[in-house]
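Here is the structure we will look at.
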Number of protein chains: 2
Amino acid sequence: MNLKELSALLGISQTTVSRALNDFPEVNEATRKRVKAAAIAHNYRANPRAKGLATGRSMAIGHVIPISTKHEIVNPIFADFIAAAGEVYSRNAHDMLLSVVADVDEERTYRDHAANASVDGVIVHGPKPNDSRIKLLKNLGLPFVVHGRASDDDTDYSWVDINNRRSFERATNFLLDLGHQRIALINGLEFMDFAKRRKDGFLDALGNRGVSARPEWMISNEMTENVGYQSAIAMLAQPTAPTAFIVSSMIMAIGVRRAIGEAGKKMGSDISVIIHDDALSYLPNGAGIPMFTATKSSVQHAGQLCAQMLLDIIAANDTTPRHILLETELTVGESTGPAPKC
Amino acid sequence: MNLKELSALLGISQTTVSRALNDFPEVNEATRKRVKAAAIAHNYRANPRAKGLATGRSMAIGHVIPISTKHEIVNPIFADFIAAAGEVYSRNAHDMLLSVVADVDEERTYRDHAANASVDGVIVHGPKPNDSRIKLLKNLGLPFVVHGRASDDDTDYSWVDINNRRSFERATNFLLDLGHQRIALINGLEFMDFAKRRKDGFLDALGNRGVSARPEWMISNEMTENVGYQSAIAMLAQPTAPTAFIVSSMIMAIGVRRAIGEAGKKMGSDISVIIHDDALSYLPNGAGIPMFTATKSSVQHAGQLCAQMLLDIIAANDTTPRHILLETELTVGESTGPAPKC
DNA sequence: CGCATCATTCAAAGCGCTTTGGAAAATAGC
DNA sequence: GCTATTTTCCAAAGCGCTTTGAATGATGCG
């Protein structure tokens with residue numbers, strides 16, 4: 001069932017049917033009703049491709065996922081983020097176009113999207129300091145929202161981010177307040193912007209209290225369980241070991257917990273652990289009292305906000321940069337306690 | 001730069017340019033070269049929307065992710081699966097259209113896809129026994145591949161699945177061979193086909209050895225860390241507790257491990273654990289010797305196979321059902337050992 | 001009543017591509 | 001040398017929609 005058939009069936013011109021369905025004012029209310037009823041009755045649905053061709057808009061949002069040749073970890077927060085964003089798109093009659101491309105082809109993908117308007121906008125994932133994609137998208141004039149921020153990029157653009165710096169500063173202070181002096185940081189790869197900011201927050205907090213950071217207690221690596229485990233095992237084996245860990249993700253922290261157990265220590269009393277919790281749906285931080293003390297911020301929420309912001313930008317046809325900076329909640333769980341007396 | 005401009009620029013008709021670019025035989029080899037060179041030089045890329053309108057094909061594959069109103073867990077294997085499938089699409093010049101819709105709207109989404117040919121085929125995720133989507137897609141004539149299978153559906157269709165039954169039968173036998181008699185199963189929700197098959201395999205193995213299954217040792221629930229933890233805690237507190245656990249996912253098993261630790265037991269010697277390992281990129285099963293003994297099968301591999309199978313079906317224009325049944329690897333790790341003498 | 005105004009409707013062009021049905025040029029066959 | 005093919009190219013129609021510009025009928029008002 002297409003427009004032509006529907007209009008023939010109604011004995012009305014395509015123009016009028018189209019306008020009736022798209023809520024144009026210049027159509028009689030009675031005919032509009034009739035048209036809409038017929039559309040539903042005959043299960044008519046406008047072909048988005050034809051619509052896109054005619055309007056130049058695609059009613060689709062692009063997500064470009066670069067596959068790195070180097071480190072092949074698929075980001076575990078991806079599923080929750082996409083699900084949340086996708087739901088917003090669906091509610092707003094937009095499609096989600098996912099492109100999984102080799103990182104070297106990422107730029108070309110954006111250019112293609114812009115050239116033939118396959119999408120009305122894109123979400124940029126995993127920004128790196130001074131990220132080249134931002135300049136590119138600005139040049140292309142393709143609306144975009146960055147999930148996170150790119151430091152060193154002094155130009156303005158739209159983003160949704162959590163206050164990573166402040167978050168880790170607070171976490172560090174929390175541990176310092178508990179008397180911990182030997183605090184380790186197990187972080188993500190530092191070419192990721194969030195990891196860099198978290199480290200800054202950590203260092204600032206230590207510096208402000210006159211505690212010097214030890215390089216051997218600051219790990220930056222892939223965010224896997226195993227990395228958490230290996231890092232913690234290594235640090236706990238040192239003659240003077242940390243009494244507390246700040247860990248950038250739940251998954252890494254699970255490895256840290258394993259290491260603590262194997263070292264014969266008890267998490268919470270012997271060794272404190274504080275994590276950043278993305279509130280992944282399949283990794284709830286315990287039921288009732290959280291398993292881990294955490295700086296918490298739902299990545300699903302971020303996904304919704306990103307999606308909505310982008311849709312707003314597109315709808316308003318106004319790319320003036322918008323920002324949302326989310327503060328994390330510092331929620332106390334069972335993994336932290338006062339520093340043990342040496 | 002569009003076809004018209006390009007052809008004007010070359011002084012050749014649109015027809016010929018189009019045919020040259022699409023490798024039709026009836027075009028002079030010299031002009032074809034010239035056209036292709038010009039296309040590259042001017043960075044011409046055919047508008048997929050216009051192409052789709054003209055051909056009726058979309059060069060896109062749909063993935064419909066139903067958001068349940070009841071249990072809001074986003075499947076953690078999703079990210080790896082999608083990344084792997086998406087990469088195959090990209091290599092084959094296809095797009096991936098993701099629709100995240102309320103489960104009640106899922107059917108409508110398929111109908112829409114079919115009605116206006118927004119996609120050339122779809123992947124069906126998380127089949128349930130006797131899944132209605134399969135009938136629907138057959139009726140719609142939309143090519144599809146199911147990741148998994150729908151038991152009780154005696155009609156034939158294309159799928160890629162792992163041998164869940166056999167896998168869990170082997171795992172159970174492995175534990176029985178080690179002398180375990182009190183074996184618990186911590187499984188996913190049983191309306192998911194894979195969970196049902198795993199349970200069958202488990203029960204078969206026990207039955208064949210004359211060991212009777214205890215209902216209170218068979219859990220079926222969301223596959224989260226916390227569920228694994230709570231389930232194991234509860235079972236370990238019983239007067240006669242299981243000496244071994246078979247766990248349907250790594251994430252649940254992490255919770256089980258936590259429970260074992262808190263119960264003052266040691267995994268591997270006191271309590272054995274064997275898991276199914278989807279080989280998620282962010283959850284490697286230890287480095288070197290696996291942390292968990294596991295039936296292993298890479299979900300990324302499954303994603304590639306599904307994607308490729310669907311593309312093959314579409315390219316061959318032949319929907320004769322195809323099947324791939326993957327056997328899992330039983331890899332021995334540190335989480336299993338002989339049953340303790342009672 | 002006659003003309004301007006407004007509310008509705010429509011025919012047709014256009015979005016960027018493919019494809020049909022010829023036509024022109026080149027080659028072959030005798 | 002002339003017709004029959006084959007090769008190579010093209011104009012135009014069509015995919016399903018929106019949108020422009022114009023037409024129609026109804027209404028208002030002096």
Grab the [atom1]-[atom2] distance between [X] and [N] for me, whole Å please.
X: B:Leu3; N: D:dG14; atom1: CG; atom2: P; value: 19 Å
X: B:Leu53; N: C:dC17; atom1: CG; atom2: P; value: 12 Å
X: A:Asp23; N: D:dT18; atom1: CG; atom2: C1'; value: 15 Å
X: B:Gln14; N: D:dA11; atom1: CD; atom2: C1'; value: 10 Å
X: B:Lys33; N: D:dT8; atom1: NZ; atom2: P; value: 13 Å
X: B:Arg57; N: D:dC15; atom1: CZ; atom2: C1'; value: 15 Å
X: B:Arg32; N: D:dC9; atom1: CZ; atom2: C1'; value: 13 Å
X: B:Leu21; N: C:dT19; atom1: CG; atom2: P; value: 13 Å

Does a side-chain N or O from [X] land closer than 4.0 Å to OP1 or OP2 of [N], or not?
X: A:Lys4; N: D:dG16; value: no
X: B:Ser13; N: D:dC10; value: yes
X: A:Asn47; N: D:dC17; value: no

Of the nucleotides [options], which one has an atom closest to the side chain of [X]?
X: B:Asn2; options: C:dC17, C:dT9, C:dT20; value: C:dC17
X: B:Ser18; options: D:dT19, C:dT19, D:dT8; value: C:dT19
X: B:Thr55; options: C:dC15, C:dT19, C:dC10; value: C:dT19

Original post:
Can we say A:Asp156 and A:Lys138 salt-bridge, meaning some charged N sits less than 4.0 Å from an Asp/Glu carboxylate O?
Top reply: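 Looking at A:Lys138 together with A:Asp156, the answer is no, because their closest N to O distance does not fall below 4.0 Å.
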**OP:** Answer yes or no: is there an ion pair linking B:Asp152 with B:Lys128, defined by an N-O contact shorter than 4.0 Å?
**Re:**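 Here B:Asp152 does not pair with B:Lys128 in a salt bridge, since their nearest N and O are not under 4.0 Å apart.
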**OP:** Could you label the plane-to-plane angle of the A:Tyr89 and A:His63 rings as parallel, tilted or perpendicular, counting under 30° as parallel and over 60° as perpendicular?
**Re:**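 Because their plane-to-plane angle is over 60°, the rings of A:Tyr89 and A:His63 count as perpendicular.
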Subject >> A:Phe24 or B:Glu26, whichever maps to the more 5' nucleotide of DNA chain D >> reply: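 With A:Phe24 and B:Glu26 compared, the 5'-side residue is B:Glu26.
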Original post:
With nearest nucleotides of DNA chain D determined for B:Ala50 and B:Glu29 from heavy-atom distances, which residue corresponds to the more 5′ nucleotide?
Top reply: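 With B:Ala50 and B:Glu29 compared, the 5'-side residue is B:Glu29.
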**OP:** Describe the nucleic acid contact of A:Arg19 in one word from base, sugar-phosphate, nothing, applying a heavy-atom distance below 4.0 Å.
**Re:**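 Answer is base: heavy atoms of A:Arg19 come under 4.0 Å of a base.
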**OP:** Just call it for A:Asn22: base, sugar-phosphate, or nothing, with non-hydrogen atoms closer than 4.0 Å on any strand.
**Re:**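 The residue A:Asn22 makes sugar-phosphate contact but no base contact.
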Original post:
Any donor-acceptor pair under 3.5 Å joining the side chain of B:Thr15 to the base of C:dT18?
Top reply: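 No, no donor-acceptor pair under 3.5 Å.
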Original post:
Centres of the A:Phe144 and A:His113 rings: under 6.0 Å?
Top reply: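 For A:Phe144 and A:His113, the ring centres are not under 6.0 Å apart.
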**OP:** Kindly determine whether A:Arg149 and A:Asp193 satisfy salt bridge (Lys or Arg N to Asp or Glu O under 4.0 Å), including the steps that lead there.
**Re:** CA-CA 7 Å; A:Arg149 275 172 291 174; A:Asp193 186 81; 5.5 Å; no
